[in-house]
Every structure is written in C-alpha cells, then in structure tokens.
Number of protein chains: 2
Amino acid sequence: MTNLRDKIIHSSLHLFEKHGFHGVTVNQIVESTGTSKGGFYHHFTSKDELLFVIHDTFITYVLEKAYIAKNTYDSPTKKLQEIIKSFVQVFDLYKPHISVFYQENVYLKADYEELIKKKRDQFKNIIIDTIHEGKASGDFREDLSEEITGMAILGMVNWTYKWYKKSGEKSIDEIGNIYVDLIMRSILNN
Amino acid sequence: MTNLRDKIIHSSLHLFEKHGFHGVTVNQIVESTGTSKGGFYHHFTSKDELLFVIHDTFITYVLEKAYIAKNTYDSPTKKLQEIIKSFVQVFDLYKPHISVFYQENVYLKADYEELIKKKRDQFKNIIIDTIHEGKASGDFREDLSEEITGMAILGMVNWTYKWYKKSGEKSIDEIGNIYVDLIMRSILNN
DNA sequence: AATTTAAGACCGACTGGTTGGTCTGTTCTT
DNA sequence: AAGAACAGACCAACCAGTCGGTCTTAAATT
C-alpha cells in the first residue's frame, strides 16, 4: 500500500463495515488513515465518491471473474459451478467491500447508483442465462423457474457476508464446495 | 390504524426502506405522518427507539411463527418445511420491516442491538436444531454441515427482501414452495 | 551545476447548513 | 379540572466540504 488514496480506502472500509457509512465521519476516516481533510479531498471529490469507488472496485472484479468462468467452460453445469466458486472466493479478498456493497448501497447518489446497478444486473443475468442454458441442454431440471432459482442461488451465496469470518472453522473453499453441492443437488436432472 | 404511534411507524417504514435510516430526518417522518415534532417525541424517546421498535416487532413475530411451526409438527422434514413457508409468508406482511431489519441493523444503539441479537440467534438456532434433528432421525443427509447448511437456507430465504415485490409474477407462496423444493432436494436423504 | 518555476500532494482552521432533540405552550378527552 | 396528546418555534451539536497556505519533487532555464 504505497499511496494515500489506497490507505484511505483501506481504513474507511473497516470503519464503514463496522459503523455504516453514516456512522463514520470524514474526520474519523482521516484520523484513522493518518492524514488530513486536505489529503482526503485531494483524492476524492466527496465522501459519496469514496463510497462509489468501494462499490465499483468490488463489482467490477466479481463481474470479470464471472465472465471468465462463463467463457472458459462449455457445459452449463461446469459454468455455474465455477461462477459460484469464484464468487465465493472473493470473500477472502473483498469481505469489507462486500459488506459495504450490500449494506450501504441505498446511500449511493443517483448517478453512481445507476452505474453500479448496470454491473450488478449483468452479474445476475450471467447466472440466470446459465440456468437457462442448463435447462436447454438437459443438464438442469425443466421445471425450474429461472428467475427464482437464480435469486435463490444469489441469496445463498451473497448472505455469506453476514456471517463469514476468515478465522472460522471452514475455509472459504470448503464453504464454496458445500454451496455447489447443495445447489447442484437441487437443480440437476434426475 | 387508529393511533399516532402506529401511523408514525407506518410512514417511517417506507421512508427508511427507500432512503435508509440516516437518509430520513425526523422532520420528514413527522411531515409524512401529518404530525409534529411534539407528536413524535410524545410517543418515542428518540429516533433510535423508533428503529428498535421496527426491528423488534418483526423479529418477535417471526420468532413466534417459527416456534409454532417447530412445536406443531414432529418430523424434522415437516418442521423445516413449515418454518420456511411461514417465514416466507412474512414478506407479504412485513416487507418494509424486513428491509429495515437487514439494512439498518448496524445503526442500532448497543443496548437495543443486544436485545435484537438474542432473538435473531434464537431464530437461527431453531433452524440449525431442526437440521440436527433431521440428521439424527435419518431424514436428512448425514454429511451435512449443520452450520453452513443453516446459513445457506437462511441466506436463500432472507435475500428475498432484496428483490421481492408483491406485484411480481410469482406469489409469495409460490416462491416459498420453490425454496422448500430446492432445499429439500439438497438435504433429504437419497 | 545551480537556480528558478510550477505543479502535485497534503495540511488544518473555519463555515454554513442540517438535524435530533427540547421546551413552552395549546387543545382534546375523560 | 387535570392529565394526556399534540403543536411548532427554537437550540446546540455536528459534519461535509472549503480555502488559503506549506512542503516536496522534478522539470525548465540559466
């Protein structure tokens, strides 16, 4: 971590995670980073922009991983497995980002919100499309509702941010494998 | 809705859901309720207490439903099915409460937070205990991790608050049945 | 090589608007 | 009559953002 910008993001992330966006003042961020108001506003136009940057770095990373998984494999089953696994792995890298992402998104300003929403919808659609493919190929059950099943999977996986701790009993890969197992049993044919 | 207290809760619920706890001022609540600061502070000691009341009414209701389901049936399978179904039904009744519950819980003051956490843990344990019972009785797979499976189920179900709309294609009971189907396929033996 | 110039990085006292909460009344109810 | 229910002007605290200024660094000029 060489530059101040990254330091500010790093500090604010942990503060936001614990106290929420509005529970943390710019002065607190600045203090915990070891800089000043001037330093902060030299790198960010506003507190709101900082919130956006946190949102954007996370969703951009996740989206790219999902595209890679989608394009690397042919079978819908393998695709979905990899999308889930790669997403779950992100919890070890971006846990605080994710917490802020799901906890504070209502506080994004309209313009920022729109940008984030687009990427989030893309991610959602990758999953739903994969379920669609799986049904078409005969891998997945015909009677699945693509929308609801997609949201069920997303929910199961996303919720992890509420309870996952690196120091917990199970590693993130173990958790990912459990999710994949549960999901596959419920959507695979026969 | 006869008394002012309920009116205030009702109005604030929708405001909080859309703009978040800190995105809504007491003046806005008071205005949208059609009352005054005096009216508000006659019924609530603080804005924070209002937040707590919203949390508490929801979790108390849900917890009671879960206990009833747990005590009404004998088989773990049936128990779990009913717990899930009864919980999902709550979305039609308490959608705004739930949104606030999961979005704004970081802003609960320490004392209030503790009270809520206790009830939330009780709810979580009802599910985990039921999974435990199901494994013991041979209904559920032996190799399930009770903790992770429990959190996976909770995640799937809880996440509904992020996207569910009464006006949507599927009714809440249909969604509940899909969840039960997915979950049962993944945890039932053979 | 020495000196000037200029821009980027960072500082921190200050401000203007906002917000939760108070307090003194007035009106309704029993 | 008397207490509960409500009204609304007012206040003190807080907080995001500003702005004039300093320090560092590296290129440009002499």
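Note that this is a predicted model, so its numbers are computed, not measured.
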* Considering only heavy atoms and no angle criterion, is a donor-acceptor pair shorter than 3.5 Å present between the side chain of A/K47 and the base of D/dG17? -> no
* What's the OH-C1' distance between A/Y41 and C/dA13, to the nearest Å? -> 15 Å
* B/H22 NE2 - C/dG20 P separation (whole Å) -> 9 Å
* Structure fact -> From the candidates C/dG21, C/dG12, D/dG17, the one with an atom nearest any side-chain atom of A/S36 is C/dG12
* To do: Choose from C/dT19, D/dC6, C/dC11 the nucleotide whose nearest atom is closest to any side-chain atom of B/T25.
  => C/dT19
* To do: Can you figure out which of D/dG17, D/dA9, D/dC6 approaches the side chain of B/H43 most closely?
  => D/dC6
* **Spacing between A/F40 atom CZ and C/dA13 atom C1', to the nearest angstrom** => 18 Å
* Starting from C1' on D/dA16, measure out to CD on A/E49 and report it in whole angstrom. => 14 Å
* To do: Report the distance from atom CG of B/L4 to atom P of C/dT27, rounded to the nearest whole Å.
  => 18 Å
* **Between D/dA7 (C1') and B/N27 (CG): distance, integer Å** => 13 Å
* Separation of A/I29 atom CD1 from D/dC15 atom P, in whole Å? -> 12 Å
* Asked: Which part of the nucleic acid, if any, lies within contact of B/V30, taking any heavy atom under 4.0 Å across all strands shown: a base, the sugar-phosphate backbone alone, or nothing?
  -> nothing
* Consider only side-chain N and O atoms of B/Y67 and B/Q122, and report whether a donor and an acceptor are under 3.5 Å apart. => yes
* Asked: Start at the 5' end of DNA chain D and walk down; is the nucleotide closest to B/T35 or to A/K37 reached first?
  -> B/T35
* Spacing between A/N3 atom CG and D/dT25 atom P, to the nearest angstrom -> 16 Å
* To do: May I ask you to verify if any side-chain N or O of A/S46 is less than 4.0 angstrom from the OP1 or OP2 atom of D/dA16?
  => no
* Between C/dA9 and A/H42, is there an OP1 or OP2 to side-chain N/O distance shorter than 4.0 Å? -> yes
* To do: Would you check if B/I183 and A/S186 make a side-chain contact, meaning some heavy-atom pair closer than 4.5 Å?
  => no
* To do: Examine the side chains of A/D139 and A/S137 and answer whether a donor and an acceptor come within less than 3.5 Å of each other.
  => yes
* If only atom types and distance count, is the side chain of B/K47 paired as donor or acceptor with the main-chain N or O of B/F21 below 3.5 Å? -> yes
* To do: Check whether the side chains of B/S46 and B/Y41 place a donor and an acceptor atom closer than 3.5 Å, and report yes or no.
  => no
